[in-house]
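Reviewing the structure listed below.
This structure is a prediction, so every number in the text was calculated from the model and none was measured. Both ligands and their constituent atoms are indexed starting at 1 by order of listing.
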Amino acid sequence: MISKLEELRAKAISELDSISDPKSLESWRISYLGRKSPLTQILRGLATLPLEERRAAGAAANELKEFLEKSLAQREEIVKEAEIAKAIEVGRLDVTLPGRPATLGRLHPATQTMRQMCGIFTAMGFEVVEGPEVEWDYYNFEALNIPQDHPARDMWATMWMDYQNEKGERPMLLRTHTSPMQIRVMENRRPPVRVIVPGKVYRYEATDATHESMFYQVEGFAVDKNITMADLKGTLFEFARRLFGKERKARFRCDYFPFVEPGVEMAIDCFVCNGAGCQLCSNSGWIEILGAGMIHPEVLRRVNYDPDIYTGFAFGMGVERMPILKYGIDDIRLFYSNDLRFLRQF
Ligand code: FA5
């Protein structure tokens with residue numbers, strides 16, 4: 001047995017030394033170390049040998065196996081180096097060429113806009129706070145003066161979570177606006193508060209040029225003594241001036257939101273048609289960018305703020321509508337259709 005192993009070693013090594021390409025190396029490995037190789041057969045047959053012979057033959061066969069594996073690894077290195085040298089020689093691999101540049105990503109236009117908006121408000125003294133996208137009915141509706149079965153719920157087509165509590169109710173949803181954060185923040189702080197909340201919101205809506213079913217909002221609110229509607233208007237006009245420039249016109253009109261009184265909407269004149277009317281602005285000349293108002297006394301009471309002492313304003317604005325206005329983008333769906341020709345422009 002020992003002499004058979006030595007013969008095998010001599011044959012294997014003399015063949016290995018003459019190999020100079022990866023394909024032949026693989027054939028050699030199969031012949032000498034593969035499942036059907038003589039060495040593997042010997043190792044498998046060890047169990048049938050008498051004990052004394054088994055010990056000696058086993059040690060020798062395993063030593064040969066290790067030796068052949070090591071020799072193969074060394075030869076592979078030599079062959080690899082020779083291949084590289086050959087490639088350089090025939091000019092296939094020019095190591096002096098500059099490397100391929102790494103592709104750099106960029107921030108999504110919605111993220112860029114949100115950061116810009118946060119920058120404007122933080123410069124005015126607002127603090128940035130974030131909140132959960134999966135929300136309780138209580139924060140999204142109830143605490144904002146929108147009880148169950150109230151018609152105002154129809155203003156926010158809602159995606160409900162498939163979760164039922166022990167009473168058989170479905171109290172969990174994807175937040176339809178960032179306003180629930182008014183409650184969450186005020187529950188935990190005493191006035192004065194000045195906070196903005198950027199984040200994703202969801203609506204069960206058919207999409208069109210100005211409506212998506214997932215979009216971003218920035219909520220903002222301030223509560224203190226003596227806060228008035230003039231503070232709200234001043235803050236929002238200054239925001240619009242800094243984001244869109246002095247030349248854009250802003251319009252305030254009465255609107256209804258159950259959690260503010262009085263309520264307003266603010267619109268900016270359409271960038272595409274300069275107010276003349278086009279498809280983007282539904283021929284009105286204006287694009288609504290936000291809802292706002294003075295926080296309803298009932299909402300303040302719910303978070304234990306005394307409405308006879310404190311007043312506050314709140315607003316919630318659509319983020320994608322800002323670049324739509326600023327750059328004249330004619331369809332909001334471009335933001336989330338992953339077309340790099342669109343995204344690379346920002
Ligand atoms: C609200 O969501 C209220 N929470 C805003 C608010 C906050 C009012 C605080 C009062 C006080 P509304 O549903 O109108 O309101 O949405 C606010 C803004 O989000 C809109 O002005 C618009 O800019 C944007 N928006 C609304 N729906 C969509 C949509 N489907 N796709 C893209 N943007 C939208």
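- Cation-pi check for Arg9 over Phe67 is met; the charged atom lies under 6.0 angstrom from the ring centroid and within 45 degrees of its normal.
- When hydrogens are left out, the protein atom nearest atom 9 (C) of ligand 1 is Glu219 OE2, 3.4 Å; that is the closest non-hydrogen contact.
- Of the protein's non-hydrogen atoms, Trp156 NE1, 3.7 Å is the one closest to atom 1 (C) of ligand 1.
- Contact analysis puts Gln182 in contact with ligand 1, with a non-hydrogen atom separation below 4.0 angstrom.
- Judged purely by distance below 3.5 Å, without hydrogens or angles, the side chains of Glu205 and Ser213 never pair a donor atom with an acceptor atom.
- With hydrogens left out, the protein atom closest to atom 17 (C) of ligand 1 is Gln217 NE2, 3.4 Å, a heavy atom.
- Considering backbone and side-chain atoms together, Ala292 places no N or O closer than 3.5 Å to any N or O of ligand 1.
- Judged by distance alone, the side chains of Ser27 and Ser24 never bring a donor and an acceptor atom under 3.5 Å apart.
- Heavy-atom proximity to Thr210, at under 4.0 Å, picks out these atoms of ligand 1: 31 (N), 32 (C).
- Contacts with ligand 1 closer than 4.0 Å are made by side-chain heavy atoms of Val260 only, the backbone lying farther away.
- Taking the six-membered ring wherever Trp is involved, the centroid distance between the rings of Phe315 and Phe121 falls below 6.0 Å.
- Listed by number with element, the atoms of ligand 1 under 4.0 angstrom from any heavy atom of Ile332 are 32 (C).
- For atom 24 (C) of ligand 1, the nearest protein heavy atom (residue, atom name, distance) is Gly318 CA, 3.6 Å.
- Aromatic pair Phe257/His177: ring centres not closer than 6.0 Å.
- Counting atoms of ligand 1 from 1 in the listed order, those under 4.0 Å from a heavy atom of His211 are 29 (C), 30 (N), 31 (N).
- With Glu288, Arg203, Arg321 as candidates, the residue nearest to atom 13 (O) of ligand 1 on a non-hydrogen basis is Arg203.
- In terms of protein heavy-atom proximity, atom 6 (C) of ligand 1 is nearest to Gly291 O, 3.5 Å.
- Residue contacts with ligand 1, taken as heavy atom pairs separated by less than 4.0 Å, do not involve Val201 at all.
- Contact between Pro109 and Leu343 at its shortest, heavy atoms only, is CD-CD2, 3.8 Å.
- Near Leu290, meaning under 4.0 Å from any of its heavy atoms, are these atoms of ligand 1: 21 (O).
- Side-chain contact, Asn145 with Arg302: a donor N or O sits under 3.5 Å from an acceptor N or O.
- Summary of contacts: the protein heavy atom closest to atom 25 (N) of ligand 1 is Phe215 CE1, 3.4 Å.
- Protein heavy atom closest to atom 23 (O) of ligand 1, with residue, atom name and distance, is Ile289 O, 3.1 Å.
- With a heavy-atom cut-off of 4.0 Å, Glu265 does not touch ligand 1 at all.
- Counted within 6.0 Å of CZ on Arg106, heavy atoms from surrounding residues, nucleotides or ligands total more than 12; the atom is thus considered enclosed.
- With a 4.0 Å cut-off on non-hydrogen atoms, Ser213 does not touch ligand 1 at all.
- Checked by distance only, ligand 1 and Glu212 come closer than 3.5 Å through their nitrogen or oxygen atoms.
- The shortest contact between atom 15 (O) of ligand 1 and any protein heavy atom is with Phe257 CE2, 3.3 Å.
- For Arg170 and Tyr163, the positive end is not near the middle of the six-membered ring at less than 6.0 Å and at most 45° from its axis.
- Judged by the 6.0 Å distance and 45° axis criteria, Lys326 is not positioned over the aromatic ring of Phe244.
- Residue contacts with ligand 1: Thr176 is placed with no nitrogen or oxygen under 3.5 Å of a nitrogen or oxygen of the ligand (distance criterion only).
- Ligand 1 places these atoms under 4.0 Å from at least one heavy atom of Glu205: 30 (N).
- For ligand 1, the polar-atom distance check against Ser179 finds a nitrogen or oxygen pair separated by under 3.5 Å.
- Between the side chains of Tyr139 and Glu187, at least one donor-acceptor pair of N or O atoms lies under 3.5 Å.
- In this structure, His108 has its ring center closer than 6.0 angstrom to the ring center of Tyr336.
- Taking the six-membered ring for Trp, Phe335 and Phe215 have ring centres at least 6.0 Å apart.
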